[in-house]
Amino acid sequence: MKKIILLVVSLVFVASLFAGASGEADMTYPIMGYPGSADEGGGLVRGYVGIGYWGADYGFHANFSDTAWPGDNFTINHMFKKFALHPMVNVLIGKTAVPLVKELNPSTFANLNIIEGACWGFINPENDWMVKFDGNVKGLGWQLFTLDINQSAIGMYDYADYGARFDYNVAGADIGAGFVMRGQDPDLDTDAIMDWAFDIGYTAAEMANIKLQLVSNGDANDDTSDLNLYTIVSYVPGIPFWIKPVPYFGYYTYDGLDDDLLAQGMEYNAILFGLNMNPTKDSILKLEYKMYSEEILDADEDDFKADTLTLQLGFTF
């Protein structure tokens, strides 16, 4: 399935390259504390340079120079094409974000903060090859999709995953919900695992934009908590300065081990502060500081989750 999708999307993508598309490139540079960087002191790390090319109904994005994981120096994050089947029905074929929660835009310009690390695992699953149908019926946005490779909390098997996503605006609040049903190996004698998410976004008095997401990643164990949350608040007008900085604050939780060595949700948390800036209309500059509640060491006893300060620069072409 993956090879067929890749071939179809590649042909359509090449044919569409010059049909009103725009490109963008970004560089992420950890100034301090990033796991995988030399001596935890910053420097070049996994996926520090990305490049993308976007059209109205297709997209491509890849990362280069993976210094944290040698041998994996080119990673396709997005490669998809969307077709209109009906005025209310579209089909997308290719690799892109799994829409469990409100889909994070593949464009780095469109995301307020720097999306990385532990927060990605539960906010959204890893990008995957898929066939996805979507549309809008009287203001209700819907998405139905099937994924290529199953990866759940208790294993990875070549059984299809299926999911859905729904979004609606009520009194100025963007409300959404999604789920993914993960097929399991019959030899494990477990039912299909259900991941679900609920999210809401609201801008109060045109000043503060608030986003809240609750995500449950099932693990077929009734003795564990699967729920984590993510929230981010930004000052919409920004600070009246030439680089137009928009300050934001974020908080999220993630799994940790309890006294019985069972993975429990909301065991640890992280707080982040950042500035999203636009020095020119075709560029972005993001500076983000993140603090973890619990320092975790890897096999070499280096910090795996330590306080980080990261700079991101991007531009369009």
Side-chain angles (χ1 to χ4, degrees), residues 1-17 19-21 52-61 76-107 110-111 115 120 122-152 156-170 174-184 191-201 213-218:
M1 177 180 176
K2 184 186 298 184
K3 292 181 179 179
I4 296 174
I5 292 176
L6 180 60
L7 176 60
V8 171
V9 175
S10 299
L11 293 174
V12 175
F13 173 74
V14 172
S16 307
L17 273 180
Y53 208 74
W54 312 108
D57 54 8
Y58 67 93
F60 175 84
H61 187 273
I76 296 176
N77 302 315
H78 302 268
M79 186 176 184
F80 62 87
K81 170 66 180 174
K82 180 181 285 191
F83 304 89
L85 299 182
H86 182 272
M88 292 189 296
V89 181
N90 305 302
V91 59
L92 178 148
I93 301 175
K95 183 177 184 180
T96 190
V98 178
L100 176 63
V101 301
K102 189 174 294 295
E103 186 171 330
L104 299 172
N105 198 303
S107 166
N111 296 314
I115 306 297
W120 181 260
F122 72 85
I123 291 178
N124 234 25
E126 295 292 337
N127 299 347
D128 204 348
W129 298 94
M130 69 180 69
V131 176
K132 182 180 74 172
F133 296 88
D134 66 57
N136 191 291
V137 180
K138 295 184 178 180
L140 175 66
W142 59 270
Q143 302 177 67
L144 302 173
F145 56 92
T146 179
L147 307 179
D148 178 47
I149 295 294
N150 168 269
Q151 184 172 2
S152 73
M156 181 172 180
Y157 310 98
D158 195 4
Y159 294 95
D161 290 345
Y162 303 93
R165 165 87 193 170
F166 302 94
D167 292 276
Y168 197 70
N169 185 284
V170 179
D174 294 318
I175 299 175
F179 72 89
V180 176
M181 183 175 67
R182 304 188 176 280
Q184 297 300 318
D191 296 330
I193 288 178
M194 187 78 72
D195 294 346
W196 62 264
F198 171 81
D199 47 78
I200 184 170
Q213 298 175 338
L214 299 175
V215 181
S216 176
N217 295 122

Kindly give the heavy-atom pair with the smallest separation between [X] and [Y], and that separation in Å.
X: L100; Y: A197; value: O-CB, 3.7 Å
X: K95; Y: N127; value: CE-O, 3.9 Å
X: M79; Y: I76; value: CB-CG2, 3.9 Å
X: M130; Y: T96; value: CE-O, 3.6 Å
X: F179; Y: M194; value: CD1-SD, 3.4 Å
X: A84; Y: N90; value: CA-OD1, 3.6 Å

Report task. Could you tell me which residues satisfy salt bridge (Lys or Arg N to Asp or Glu O under 4.0 Å) with D199, sequence neighbours excluded, listed by chain and number? Result -> R165
Query raised in the report: Parallel, tilted or perpendicular: which describes the rings of H78 and W54, with under 30° parallel and over 60° perpendicular?
Result: perpendicular
At what distance, to the nearest 0.5 angstrom, does [atom1] of [X] lie from [atom2] of [Y]?
X: D174; Y: Y168; atom1: CG; atom2: OH; value: 12.0 Å
X: F145; Y: Y162; atom1: CZ; atom2: OH; value: 12.0 Å
X: T146; Y: M181; atom1: OG1; atom2: CE; value: 9.5 Å
X: I93; Y: F133; atom1: CD1; atom2: CZ; value: 8.0 Å
X: N77; Y: F60; atom1: CG; atom2: CZ; value: 8.5 Å

Query - Contact check, side chains of V215 and D195, non-hydrogen atoms, under 4.5 Å - result: no
Query raised in the report: Any side-chain heavy atom of I175 sitting closer than 4.5 Å to one from F198?
Result: yes
